[in-house]
Amino acid sequence: MTKNTVLTFRKKKKEGKKLTMLTAYDYTMTKLVNACNVDAGLVGDSLGNVILGYEDTISVTMDDMVHHCAAVARAADKAMVVADMPFMSYQISVEETLRNAGRLMKEGRSNAVKLEGGGRVCPQIKAMVEAGIPVMAHLGLTPQSINALGGYKVVGRTKEKAAELLEEAYAVQEAGAFSLVLECVPDKLAALVTEKLDIPVIGIGSGSGCDGQVLVTQDMLGMNLDFSPRFVKVFAPVGETVKKAIADYVQAVENGTFPAEEHGFSIEDDVIHDLY
Ligand code: KIV
């Protein structure tokens, strides 16, 4: 099985073919994602909301990311594994950024890392790229800055903010990022950024004009019972199917129809008889 790499991303942009990415946090789900030829599995720090039950991504630690990334990497023999750098793992210094990205590559076995921000994280992007670590950038709505942004909002609607976003996109490309995620950016602005940049742009809540799309897997499977963002399409109501299966299991155990004979293991009668 040939593993997808940064070259896959480059080639698809050049050929005008769409890239696909889905979040992955564990071995079982990654096996399914990988089996469906998704180009990349993103070990997103949305792990905090989706798997760990936090209200945001702020509390996610390097240890959380490394632990889940390693499980994902064991299942992804084709999909490229991109790991999010959690809040405060890259803001302090370039040195600390390299140490933390190194952990995601060495212990987590990721193939690339992702971090949020534009010009202010360009020194970190440059240093990682020089160290041989592919970097995916992330602009638009950047959930790690939720406290500074004051909420989850569309980014780039005014002339000033749109120009700023385009400038930040050029900056991360110039710093060496191999790809860029745009989250909650108006469709036409995302399409313009995609057209202007040489690197592939992956959108989430940013319209169909991007080079590819990413979604949180549990969202597109309707498994998030708390909340579903407007930009999510539920491709199959798996959450409802899971709920029905679990309710059926409870009922079957309670009424004695599970386990049936075929679910058990037999023993000669005389062995049992002698024990009574
Ligand atoms: O953490 C995450 O899942 C992400 C995607 C929403 C792009 O960063």
Side-chain angles (χ1 to χ4, degrees), residues 2-23 37-44 78-85 90 94 97-98 101 104-105 110-142 154-157 159-215 231:
T2 326
K3 184 98 174 169
N4 291 329
T5 66
V6 291
L7 300 182
T8 317
F9 272 62
R10 208 171 290 158
K11 187 165 181 276
K12 282 205 162 181
K13 167 118 185 171
K14 202 168 160 216
E15 292 172 353
K17 290 188 181 149
K18 293 283 186 187
L19 281 149
T20 53
M21 183 159 78
L22 280 175
T23 61
N37 290 324
V38 175
D39 293 308
L42 171 65
V43 190
K78 178 145 198 319
M80 181 178 180
V81 176
V82 182
D84 254 340
M85 298 200 70
Y90 57 92
V94 166
T97 307
L98 283 173
L104 289 167
M105 304 289 285
S110 72
N111 308 117
V113 300
K114 176 165 86 57
L115 80 180
E116 297 180 4
R120 71 186 162 85
V121 295
C122 282
Q124 289 90 320
I125 296 177
K126 272 188 199 143
M128 287 190 282
V129 172
E130 272 168 26
I133 301 172
V135 180
M136 182 178 272
H138 183 156
L139 291 170
L141 172 61
T142 46
V154 175
V155 175
R157 275 201 169 125
K159 263 192 188 172
E160 201 185 25
K161 291 286 175 196
E164 199 179 289
L165 187 106
L166 181 59
E167 209 172 292
E168 298 274 48
Y170 278 131
V172 294
Q173 171 173 274
E174 181 64 28
F178 77 95
S179 176
L180 166 67
V181 165
L182 283 185
E183 180 166 355
C184 289
V185 169
D187 296 10
K188 286 184 183 165
L189 176 59
L192 176 109
V193 173
T194 304
E195 207 184 300
K196 297 269 184 194
L197 291 199
D198 298 325
I199 59 172
V201 174
I202 312 296
I204 174 162
S206 300
S208 61
C210 300
D211 297 306
Q213 296 294 324
V214 55
L215 279 178
F231 56 76

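Since we're looking at a predicted model, the values are computed, not measured. Only heavy atoms go into these numbers, but all of them, side chains included; no hydrogens, no water, no symmetry mates. Count residues from 1 along the sequence.
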* Asked: Hey, are the side chains of Asp211 and Phe9 touching, using non-hydrogen atoms and a 4.5 Å cut-off?
  -> no

* So how far is it from Ile204 CD1 to Gln213 CD, rounded to the nearest 0.5 Å? -> 8.5 Å

* **Leu165 side chain reached by Leu189 side chain, heavy atoms, under 4.5 Å** => yes

* Mind checking the NZ-CG spacing from Lys114 to Leu104? Nearest 0.5 Å is all I need. => 12.0 Å

* **N/O donor-acceptor pair under 3.5 Å between Ser179 side chain and Met136 backbone** => no

* Asked: Atom NZ of Lys17 and atom NZ of Lys12: how far apart are they, to the nearest 0.5 Å?
  -> 7.0 Å

* Do the non-hydrogen side-chain atoms of Leu98 and Met128 ever get within less than 4.5 Å of each other? -> yes

* What are the two closest heavy atoms between Thr194 and Lys13, and how far apart are they? -> O-NZ, 2.8 Å

* **Inter-residue atom distance Leu139.CG - Glu164.CD, 0.5 Å rounding** => 10.0 Å

* Would a distance-only check, ignoring hydrogens and angles, find a side-chain to backbone donor-acceptor pair under 3.5 Å from Lys18 to Cys210? -> yes

* To do: Without swapping roles, check the side chain of Gln173 against the backbone of Asp198 for a donor-acceptor pair under 3.5 Å.
  => yes

* Between atom CD of Glu168 and atom CZ of Arg120, what is the distance when rounded to the nearest 0.5 Å? -> 8.0 Å

* Could you walk me through whether Leu215 and Leu22 pass side-chain contact (heavy atoms from CB on, under 4.5 Å), step by step? => CA-CA 5 Å; Leu215 279 178; Leu22 280 175; 4.0 Å; yes

* Structure fact -> For Leu182 and Ser206, the nearest pair of non-hydrogen atoms, with its separation, is O-OG, 2.9 Å

* With no hydrogens and no angle check, is any side-chain donor or acceptor of Gln124 less than 3.5 Å from a backbone partner on Tyr90? -> yes

* So do the side chains of Asn111 and Thr5 get within less than 4.5 Å of each other, counting heavy atoms only? -> no

* **Nearest atoms (heavy-atom pairs only) where Val201 meets Leu197** => CG2-CD1, 4.0 Å

* **Shortest non-hydrogen contact between Asp39 and Leu19, atoms and distance** => OD2-CA, 3.4 Å

* Note, Met80 side chain near Val6 side chain (heavy atom, < 4.5 Å) -> yes

* To do: Can you see which heavy atom on Ile125 is nearest to which on Leu115, and at what distance?
  => CG1-CD2, 3.9 Å

* Would you check if Val155 and Lys161 make a side-chain contact, meaning some heavy-atom pair closer than 4.5 Å? => no

* Lys3 and Thr8: side-chain contact (heavy atoms from CB on, under 4.5 Å), yes or no, with the steps? -> CA-CA 9 Å; Lys3 184 98 174 169; Thr8 317; over 6 Å; no

* Which heavy-atom pair separates Val154 from Pro186 by the least distance, and what is that distance? -> CG1-CD, 3.7 Å

* Side-chain contact test, heavy atoms from C-beta onward, threshold under 4.5 Å: evaluate it for Met105 versus Pro134 and give yes or no. => yes

* Verify the neighbour count for atom CD of Glu195: are there more than 12 heavy atoms of other residues, nucleotides or ligands below 6.0 Å? => no

* To do: May I have the step-by-step check of side-chain contact (heavy atoms from CB on, under 4.5 Å) for Lys78 and Asn4, ending in yes or no?
  => CA-CA 6 Å; Lys78 178 145 198 319; Asn4 291 329; 3.5 Å; yes

